[in-house]
There are 2 protein chains.
Amino acid sequence: MTSASPTPTSLDAVPAAVETELRSFFDVAVPAAAEIAPVVGTAAELVRDFVLQGGKRIRPVFAFAGWRCGMTESGRADSDAASSVGREARDALRVGAALELVQACALIHDDIIDQSDTRRGHPTLHRVFQSRHAAASWAGDAAGHGVAAAILAGDLALAWADDLVHDHRPGVSDTSRYRALPPAVGATWAAMRTEVLGGQFLDIVNEASGDDSAAAAYRVMEFKTAAYTVARPLELGARLAGASEILVATLRKIGHDLGIAFQLRDDQLGVFGDPERTGKPSGDDLVSGKRTALLATALRRADDSDPALGNRLRDFIGRPLDEDELGSARALLVDVGAVAEMEGQIDDLLGAALGALDTADIGDDIRSELTAVAHRTAHREA
Amino acid sequence: MTSASPTPTSLDAVPAAVETELRSFFDVAVPAAAEIAPVVGTAAELVRDFVLQGGKRIRPVFAFAGWRCGMTESGRADSDAASSVGREARDALRVGAALELVQACALIHDDIIDQSDTRRGHPTLHRVFQSRHAAASWAGDAAGHGVAAAILAGDLALAWADDLVHDHRPGVSDTSRYRALPPAVGATWAAMRTEVLGGQFLDIVNEASGDDSAAAAYRVMEFKTAAYTVARPLELGARLAGASEILVATLRKIGHDLGIAFQLRDDQLGVFGDPERTGKPSGDDLVSGKRTALLATALRRADDSDPALGNRLRDFIGRPLDEDELGSARALLVDVGAVAEMEGQIDDLLGAALGALDTADIGDDIRSELTAVAHRTAHREA
């Protein structure tokens, strides 16, 4: 964080700027871990590589967008000099970078829970640790060691998220230190972490209890995706900029609608997406039996029209499918009207978000950029 | 935290005062989790109960002791009014309470890693979640669900630790809010979390790679126990009180020596301790094959005197032992001189800590209390 990253002039520039913040953090954090022992440094490097190897940086983009909304609200108390704006922009980037570390913990631990082998085309972290155990011909259970190491690696990412957001760097002068989080930002940060963990917990309980209702799927979406991915990041940025409670409430509503639309699009891509573009196997959600709103809606509609149809659909969920079966399952989802119902919901949610954006008290540049992001969020193909 | 806890007048009063702080935190945090969904509230309650069900509160005691050392350093810049001292005392208690939440994460995740069934006479948290799964006759693998839920529960405890230490309570007025952590305290907090996770990681790598040397055991002790349990808590408290760098360095040295002595005593109790007092099975460390300094020293001394003796000792490590075998193993540890060597080390470490305490620039009351704590740390029976 000694190397100043220029303030991004558009939301498209946020991912690269956030990666610069992350690299600056790792430049301090990884050597600190290596001082404990070389193998701890290696583990820290694996966490760093996991964070830097990809992702859309969607949470930092929304955090930075929220900050720009707050900065351009009319009647904002202080109109800072450019240097102060530059400093506050870095606050927004830093919070975005910290969100990526929370997400790293969530993904690393989720991959353990789901026993996933790959993530973004790379082996998952517990599999990496397992392979290192096997390659070194160590004693004991390699898979167990991989899980143990990845639990600790995820914990490290979560602890690092807080270190970064609170700027706990040793030996940094107060002038080059980040601002302390204003209390309202801290409370939002706390709520966001409890929400994503709560959403994940609710997800595994729904899976265990066999609750495949649409209501259960929406509840998980609300906390695991909508709040965590869009609404809270927007709010964090807006509160950093000192936005009014009215604007914060508007952005949270926009974030909720876009967040649900984001997940509903994800559900469609999970069944109909092009593996070349999504990086996930064809029909992944069907095969894995993920309890999505799309499948819940399809099951309800099929059962309502003909119980035999519902059972036919259930037979395609949660097992490997060949191309013919996948085609039949997809046709069923279309025929019972579930795909159209979800597309209608996405359009409604996008429309509500765009309407709120239109009248929000924010600058025209960020309004236009967020409008483009909203369309992409609802209608992306990957 | 709305209910004011009186400033503890002695270190013996710290555990109860810290539990009051913890309860106040849970009174806000558990309902916030329950708002997501009732099952999330239930998980939060299980984390709360885990934290409140026991433990010696050793880290909060050292954090509070460090604070009192800092407050009684001569030539301290400001001599605050009593009301301000009361507020700062609560800062020290809050940091101690947050340390207990870090420890909860460490224990919950450690119990998964070690596949332990019980902790402090209660079922471990992953077993609790597993039992709830079984009792509800849910679908799928109950053990896997237990692990998944406990990974998330540990994450929640770790996130809560930061929420508490940074006082991210919603809607609290600035006057009743805790002080922001001074930068040096924040940097110490960050270092402490990386150290305990790094120490745990080093521990599982040593186990996997079969490194049963004393050097490896001491390296794990240094980070997983000495820094995390004594040295960093003392430092956190001292820095909260604005202690000089000289006093901080003195307390860290004392903390290191006492922390290693604490662990060496733990190793002795792990083989020779009375199950009635320790709450652990007789000869637990031998049976579990824990790589302690005691066993490393015994193996080295046995191998040096007679390779056959070393092999006889190895035969007693890492498998169930009947009373006769346990007696033979214990006699071997004594006969090869390992027990005497460790007792000598404990005495040396205690002596060094007491010597440093004698000349430290701290008040006589806390010097005398810490001297008593040091003796208990090195010579406890449970």
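What's counted below: heavy atoms across the whole structure, side chains too, no hydrogens, waters or symmetry copies. In what follows, every chain begins at residue 1, and chains take the letters A, B, ... in the order their sequences are listed.
- If you measure heavy-atom distances from B:A139 to chain A, the contacts under 4.5 Å come from both the backbone and the side chain.
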For A:I113 and B:L152, what are the C-alpha separation, side-chain angles and deciding distance, and is it a side-chain contact (heavy atoms from CB on, under 4.5 Å)?
CA-CA 10 Å; A:I113 290 170; B:L152 297 174; 4.1 Å; yes
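- Residues satisfying the side chain to side chain contact (heavy atoms under 4.5 Å, CB included) test with B:A37, not counting sequence neighbours, are A:L202, B:V39, B:V40.
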Tabulate, with distances rounded to 0.1 Å, every donor-acceptor pair spanning chain A and chain B at under 3.5 Å.
residue : atom : partner : partner atom : Å
B:E35   : O    : A:R219  : NH2          : 3.1
B:I36   : O    : A:R219  : NE           : 2.9
B:I36   : O    : A:R219  : NH2          : 2.7
B:H109  : ND1  : A:D155  : OD1          : 3.1
B:H109  : ND1  : A:D155  : OD2          : 2.7
B:A139  : N    : A:A208  : O            : 2.9
B:D155  : OD1  : A:H109  : ND1          : 3.1
B:D155  : OD2  : A:H109  : ND1          : 2.7
B:A159  : O    : A:R193  : NH2          : 2.7
B:D163  : OD1  : A:R193  : NH1          : 2.7
B:D163  : OD1  : A:R193  : NH2          : 3.0
B:H166  : NE2  : A:H168  : NE2          : 2.9
B:H168  : NE2  : A:H166  : NE2          : 2.9
B:R193  : NH1  : A:D163  : OD1          : 2.7
B:R193  : NH2  : A:A159  : O            : 2.7
B:R193  : NH2  : A:D163  : OD1          : 3.1
B:A208  : O    : A:A139  : N            : 2.8
B:R219  : NE   : A:I36   : O            : 2.9
B:R219  : NH2  : A:E35   : O            : 3.0
B:R219  : NH2  : A:I36   : O            : 2.7

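- Using a 4.5 Å cut-off between heavy atoms, A:I112 contacts chain B through its side chain alone, with no backbone atom that close.
- A:P38 is linked by a side chain to side chain contact (heavy atoms under 4.5 Å, CB included) to nothing, counting only residues two or more places apart in sequence or in another chain.
- Your options are A:A153, A:P183, A:A227, and the one with the most heavy-atom pairs under 4.5 Å with chain B is A:P183.
- Distance check, rounded to the nearest 0.5 Å: CG of B:L158 to CG of A:L158 gives 4.5 Å.
- In terms of the side chain to side chain contact (heavy atoms under 4.5 Å, CB included) criterion, residue partners of B:A157 (sequence neighbours excluded) are, by chain and number, B:V47, B:A104, B:C105.
- Among A:G144, A:A33, A:A43, the residue making the largest number of heavy-atom pairs under 4.5 Å with chain B is A:A43.
- Residue contact with chain A, scored on non-hydrogen atoms closer than 4.5 Å, involves the backbone and the side chain of B:F201 alike.
- Neither the backbone nor the side chain of B:A180 has a heavy atom closer than 4.5 Å to any heavy atom of chain A.
- Between chain A and the residues B:A149, B:G140, B:G210, the largest count of heavy-atom pairs under 4.5 Å involves B:A149.
- Minimum heavy-atom separation, B:G199 to A:I36: N-CG2, 4.5 Å.
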